[in-house]
Amino acid sequence: MYKLLSSHKILSFTLIIILIQSCATVPITGRRQLKMIPDETIQSTSAEQYKSFLAEHKISSDSRGIRLVKKVGTRIQHAVEMYLESEGLSHLLDGYDWEFSLIESKELNAWCMPGGKVVVYTKILKAAQNEGGLAVIIGHEIAHAIAEHGNERMSQILLAQMGGIALSTALAQRPQQTQQLWMDAFGMGASLGVLLPFSRTHESEADHLGLIFMSIAGYDPNYAIGFWERMAEMSENNAPDEFFSTHPSDERRIREIQKLIPSVMEYYEDSDKVTVRH
Ligand SMILES: [Zn+2]
């Protein structure tokens, strides 16, 4: 009977098995997601990628900027720890070893890899304008990591482009291509020239969680409106930055954030508020 199955059918059958085995639930939002890569593999690969990324890029010499990134990052880290503890989800931070870096770059970007490796680029720090704007970016990027969007994207890529093979096999067989796909999945840059836009679902989840985290950290969530309005303006001026293809900044996003703000205000009211200098 097996002889009658075409290789196409066998492949589809294999993929269905992988899909059944690889479903997970996004914390907090409860959305079901595809998650094929074990957490340990994700975290060890992240640590390696972070290390080689820093070795290949220029660390900023702006000591004030570095201090600010570390300050805001650490406040948001503590907010995430508090929030996940209150939700009984502290295990999501198992294996995390937080680090916050500022790199000198003409690119507009920032990202957080699983395990808590956060990188802010000097151009986006400038666009943030102040501590409140920086809290929006860092909160949003950390939220992507907590919701495991990178694992989901990388799993989708492994399934769509490599027939569902394991990440370790892909890295062993096609190291360069896999590394480039990894960078794409985690928002570190599109080295293949074709950037998958982050899905609307991922962006909305990261906006929502990011607003919660920044509010608990003591930053007024209303800073998110000003920040994304500035991004929308920069994007309309045809800025070629990749960040705009991964993070469409438009009226829809701003409207959604406006709707969410009343629901996160209580976190801000209860927080140890930060006075932002402009
Ligand atoms: Zn995002």
Side-chain angles (χ1 to χ4, degrees), residues 26-29 31 33-35 42 46 49-50 53 69 72-73 76-77 79-80 92 100 105 107-121 123-125 127-128 132-157 181-190 194-215 217 219 221 223-235 239 241-261 264:
V26 178
I28 302 145
T29 65
R31 181 176 63 84
Q33 69 179 165
L34 175 69
K35 202 179 124 183
I42 282 279
S46 289
Q49 297 290 337
Y50 176 73
F53 181 90
V69 168
V72 176
I76 296 202
Q77 171 198 336
V80 171
L92 292 176
F100 305 96
S105 178
E107 274 177 66
L108 187 82
N109 205 2
W111 43 261
C112 170
M113 272 199 288
K117 309 298 188 199
V118 177
V119 171
V120 175
Y121 296 41
K123 187 171 175 185
I124 207 166
L125 175 64
L134 184 58
V136 178
I137 302 164
I138 295 184
H140 177 94
E141 296 306 328
I142 288 179
H144 274 307
I146 300 298
E148 301 188 88
H149 291 155
N151 192 337
E152 190 177 354
R153 274 164 69 82
M154 195 65 203
S155 300
Q156 286 163 346
I157 291 171
L181 291 170
W182 172 281
M183 290 180 73
D184 192 358
F186 288 86
M188 294 167 72
V194 189
L195 199 69
L196 292 171
F198 285 12
S199 76
R200 279 280 184 186
T201 310
H202 284 186
E203 284 309 301
S204 303
E205 276 178 359
D207 281 340
H208 190 179
L209 290 176
L211 284 175
I212 294 176
F213 299 153
M214 73 179 286
S215 304
Y219 297 102
Y223 278 111
I225 305 288
F227 172 76
W228 288 111
E229 277 174 353
R230 285 199 294 286
M231 290 292 115
E233 221 169 278
M234 283 173 82
S235 156
D241 287 286
E242 276 169 17
F243 191 76
F244 296 125
S245 32
T246 52
H247 293 82
S249 313
D250 50 26
E251 274 176 34
R252 180 175 154 185
R253 179 193 289 266
I254 294 163
R255 256 199 332 269
E256 281 179 13
I257 291 175
Q258 269 165 338
K259 263 195 243 158
L260 286 169
I261 285 181
V264 301

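Because only heavy atoms are used, hydrogens play no part in the values below, and waters and symmetry mates are left out as well, while side chains stay in. Counting convention: from 1, in listed order, for ligands and their atoms alike.
Taking the ring-ring contact (aromatic ring centres under 6.0 Å, His included) definition, one finds that Phe53 meets it with His57, Trp111, sequence neighbours left out. Under the rule for a side-chain contact (heavy atoms from CB on, under 4.5 Å), the partners of Ala143 that lie at least two apart in sequence or sit in another chain are Ala206, Leu209, Phe213.
The Zn ion (ligand 1) does not have His202 among its coordinating residues (no N/O/S atom, backbone or side chain, under 2.8 Å). Under 2.8 Å from the Zn ion (ligand 1) lies no N/O/S atom of His149, from backbone or side chain alike. Residue side and main chain included, Asp207 places no N/O/S atom under 2.8 Å of the Zn ion (ligand 1).
Between the NE2 atom of His140 and the OE1 atom of Glu203, the angle centred on the Zn ion (ligand 1) amounts to 80° when rounded to 10°.
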**Asked** Can you check salt bridge (charged side-chain N to carboxylate O under 4.0 Å, His left out) on Arg200 and Glu256, steps first, answer last?
**Response** CA-CA 11 Å; Arg200 279 280 184 186; Glu256 281 179 13; 5.5 Å; no
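Two residues are said to be in side-chain contact when any heavy atoms from C-beta on lie closer than 4.5 Å; Ile124 and Asn109 fail this criterion.
Between Arg252 and Glu203 there is no salt bridge, since none of the side-chain N atoms of the basic residue sits less than 4.0 Å from a carboxylate O of the acidic one.
Its N, O or S atom nearest to the Zn ion (ligand 1) is what matters here, and for His144 that atom is NE2.
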